[in-house]
Amino acid sequence: MTERELWERYQRHLCVVPSVGLTLDISRMNFGADFLDGMRPRMDAAFQAMDALEKGAIANPDEKRRVGHYWLRAPELAPDAELKTAITDMQARVAAFAKDVHSGKVKPAKAAKFTQVLIVGIGGSALGPQLVADALGSGRDAMQVHFLDNTDPDGMDRVLNGLGERLAETLCVVISKSGGTKETRNGMLEVEAAYTQRGLDFGAHAVAVTGDGSELDNYAKGHKWLRTFPMWDWVGGRTSVMSAVGLLPAQLQGLDVAGFLAGAKDMDAATRVHDVAANPAALLALMWFHAGGGKGQKDMVILPYKDRLMLMSKYLQQLVMESLGKELSLDGKVVNQGLAVYGNKGSTDQHAYVQQLREGVNNFFVTFVEVLKDRDGKSLAVEGENTSGDYLLGFLLGTRRALFEKGRESMTLTVPDVSARTLGALVALYERAVGFYASLVNINAYHQPGVEAGKKAAGRVLELQGKLLAKLKSAKAEARSADQLAQDIGAEEEVETVFKLLEHLSANGDHGVKRSGGARPAEARFQSA
Ligand SMILES: O=P(O)(O)OC[C@H]1O[C@H](O)[C@H](O)[C@@H](O)[C@@H]1O
């Protein structure tokens, strides 16, 4: 194709969303002339399914739940008055609480004001707030935000040591929809201990975002925490950033929550239309289908040329892969669907893996994100009249071209800035695209049955550890091999897990387990000190 023909293709297929100032360019995807028409029947079915979902159908059949994240930014569209009031009440309570925290009306026990927010959560209960905080935050925010999103003890120490004395002016927000996630529970208990160690009453510094009646809800109420904010079964964790999960941290940080919701609402309006050419979410889903043959055969590389959007790929990784990575179709057939997502930011990644994208295995398509506004204020001319921002665009367009020359496909999303409004629009765009794509490939995007297997297996590991410790204590002084200990606790078949547990126990002083003997598993001996 000549440059001129590409320019024609660019204009013909450019999807323009004036309400949020976003465009989607699909001209560098190599779909054929009849692809969009050919997909029309499937896309029509996807539109019907989405319309039904928004009206309150049970769109998550396995869990028999409605799927209501679109109502979070348009409560008037919620299918009944009760839901609408739940949303508007939540928004009002979040805003009022943040106002009271900022004014000092709600204050810590031993400091004048809360200045820091420590968020404890994981997965959908952390990734949204992390994306928002990183994309929109600055040193001038009303409060500084920190995260504990793992059960890694050293990771917790790093965050808590970083807060240091400021723990006295830290508001801890524990987020868990189910209220039973172990990583979050552990993080909460460790944070509680850190407050107690400093002579501070944790409850007077803590709030919860969780489902009514959950373990966390009961704990928060039982320990007189400052507040609890609701999470509902009709909002999935990975689409919860516009519930209290994302709004409370954003409001506390002093970000433009109204703009965030408005951007999403405007994008929802744009992606609700059944005209494919005008609907960027439909086009994204169709391009994913085209690129991977409807089977996820190509990976989605998210490349925003903007530092503030670096967590976009991480956020989309959960949204896309947890939604689309499914064993079974809606009819119960084994389909093993999915779309792999990775990426960081340009031009940084050009100095890392983009080499492979241009010349290596062609198993991906790129989504460039171009941000028109370089920075607040004027830029330095770094070479001739060129600014650093001119270079950023130069590198984006250069990589787009270099990939296309080698037959590697890309799309480009162009947005005016990284404002709350734009971020809300981007989140809404991908939420809708994931929903459409799930319909195109006939899967349930709103459950995550696969996640449970790992959790159950972890439960068994900890159960074995309990038995092992009891055995080691009763057989004090006698050094035994992993094989012997596995037999002792009636877990001969699980000797490898037993060895891994002993290796970990003896590397840490917590349980007083000592290792002796050789370095190889069969030579190692363990005993209670
Ligand atoms: O919010 P929570 O109930 O604590 O869940 C946190 C996360 O963990 C689960 O394993 C799910 O796979 C995620 O979708 C969820 O966001």
Side-chain angles (χ1 to χ4, degrees), residues 59-60 62-63 65-69 72 90 118-132 147-152 155-156 172-192 206-220 225 228-249 311 314-328 337-341 427 430-431 434-435 438 443-462:
N60 177 357
D62 309 52
E63 297 177 340
R65 287 175 180 176
R66 296 194 278 196
V67 175
H69 48 273
L72 297 171
M90 173 277 291
L118 174 56
I119 292 163
V120 185
I122 197 167
S125 292
L127 287 162
Q130 284 169 328
L131 170 71
V132 170
F147 291 92
L148 275 194
D149 67 351
N150 200 358
T151 185
D152 172 13
M156 297 179 196
C172 182
V173 180
V174 184
I175 307 178
S176 175
K177 174 181 166 177
S178 64
T181 304
K182 299 297 182 204
E183 291 93 332
T184 303
R185 192 272 320 263
N186 295 356
M188 185 267 284
L189 291 174
E190 296 240 10
V191 172
E192 180 176 46
V207 301
V209 180
T210 189
D212 191 30
S214 77
E215 223 176 281
L216 172 60
D217 191 34
N218 294 336
Y219 193 86
W225 288 17
T228 58
F229 295 90
M231 248 306 262
W232 308 287
D233 65 1
W234 45 270
V235 176
R238 53 190 173 272
T239 53
S240 66
V241 69
M242 291 181 204
S243 71
V245 169
L247 296 193
L248 180 63
L311 293 186
K314 205 172 158 187
Y315 177 82
L316 293 181
Q317 208 164 51
Q318 189 204 21
L319 177 63
V320 173
M321 295 178 77
E322 200 165 61
S323 301
L324 302 179
K326 300 291 157 70
E327 181 178 28
L328 302 178
Q337 274 292 348
L339 262 185
V341 180
V427 167
Y430 276 90
E431 284 177 352
V434 164
I443 55 162
N444 178 357
Y446 306 106
H447 65 168
Q448 52 286 330
V451 176
E452 292 310 313
K455 289 186 193 171
K456 276 197 195 117
R460 171 67 184 152
V461 171
L462 288 159

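What's counted below: heavy atoms across the whole structure, side chains too, no hydrogens, waters or symmetry copies. Counting convention: from 1, in listed order, for ligands and their atoms alike. Sequence positions, counted from 1, serve as the residue numbers for this chain.
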Q: Tell me if a side-chain donor or acceptor on Lys182 pairs with a main-chain N or O of Ala458 at a distance below 3.5 Å.
A: no
Q: If you count the atoms of ligand 1 from 1 in the order shown, which ones are under 4.0 Å from a heavy atom of Ser178?
A: 2 (P), 3 (O), 4 (O)
Q: Consider side chain to side chain donor-acceptor pair (under 3.5 Å). Of Gln337, Arg238, Gln448, which one does Ser323 pass it with?
A: Arg238
Q: Will you find, in the side chains of Asp217 and Thr210, an N or O donor that is under 3.5 Å from an N or O acceptor?
A: no
Q: Work out whether the distance between some heavy atom of Lys455 and some atom of ligand 1 is less than 4.0 Å.
A: yes
Q: Does the Lys177 side chain pair with the main chain of Ser240, one donor and one acceptor, at a distance under 3.5 Å?
A: no
Q: Just heavy atoms, cut-off under 4.0 Å: does Gln318 contact ligand 1 by side chain, backbone, both, or neither?
A: side chain
Q: Which of the atoms in ligand 1, numbered in the order shown and given with their element, are less than 4.0 Å from a heavy-atom of Ser176?
A: 1 (O), 2 (P), 3 (O), 4 (O)
Q: Parallel under 30°, tilted from 30 to 60°, perpendicular over 60°: which one fits the rings of Tyr446 and His69?
A: tilted
Q: Which atoms of ligand 1 have any heavy atom of Val451 under 4.0 Å away?
A: 10 (O), 12 (O)
Q: Considering only heavy atoms of Gly124, which atoms of ligand 1 have at least one such atom less than 4.0 Å away?
A: 15 (C), 16 (O)
Q: What protein heavy atom sits nearest atom 6 (C) of ligand 1, and how far off is it?
A: Ile122 O, 3.3 Å
Q: Strictly distance-based, threshold 3.5 Å: is any side-chain N or O of Thr181 a donor or acceptor partner for the main-chain N or O of Glu183?
A: no
Q: Among all protein heavy atoms, pick out the one at the shortest distance from atom 14 (O) of ligand 1; state its residue, atom name and that distance to 0.1 Å.
A: Glu322 OE1, 2.7 Å
Q: Quick one: do the Glu215 and Asn218 side chains pair a donor with an acceptor below 3.5 Å?
A: no
Q: What protein heavy atom sits nearest atom 5 (O) of ligand 1, and how far away is it?
A: Thr181 OG1, 3.6 Å
Q: What protein heavy atom sits nearest atom 1 (O) of ligand 1, and how far away is it?
A: Ser125 OG, 2.6 Å
Q: Can you tell me if Glu183 has a non-hydrogen atom under 4.0 Å from ligand 1?
A: no
Q: Pair Glu63, Asn60 - check side-chain hydrogen bond (donor to acceptor under 3.5 Å, both in side chains), show working.
A: CA-CA 6 Å; Glu63 297 177 340; Asn60 177 357; 2.7 Å; yes
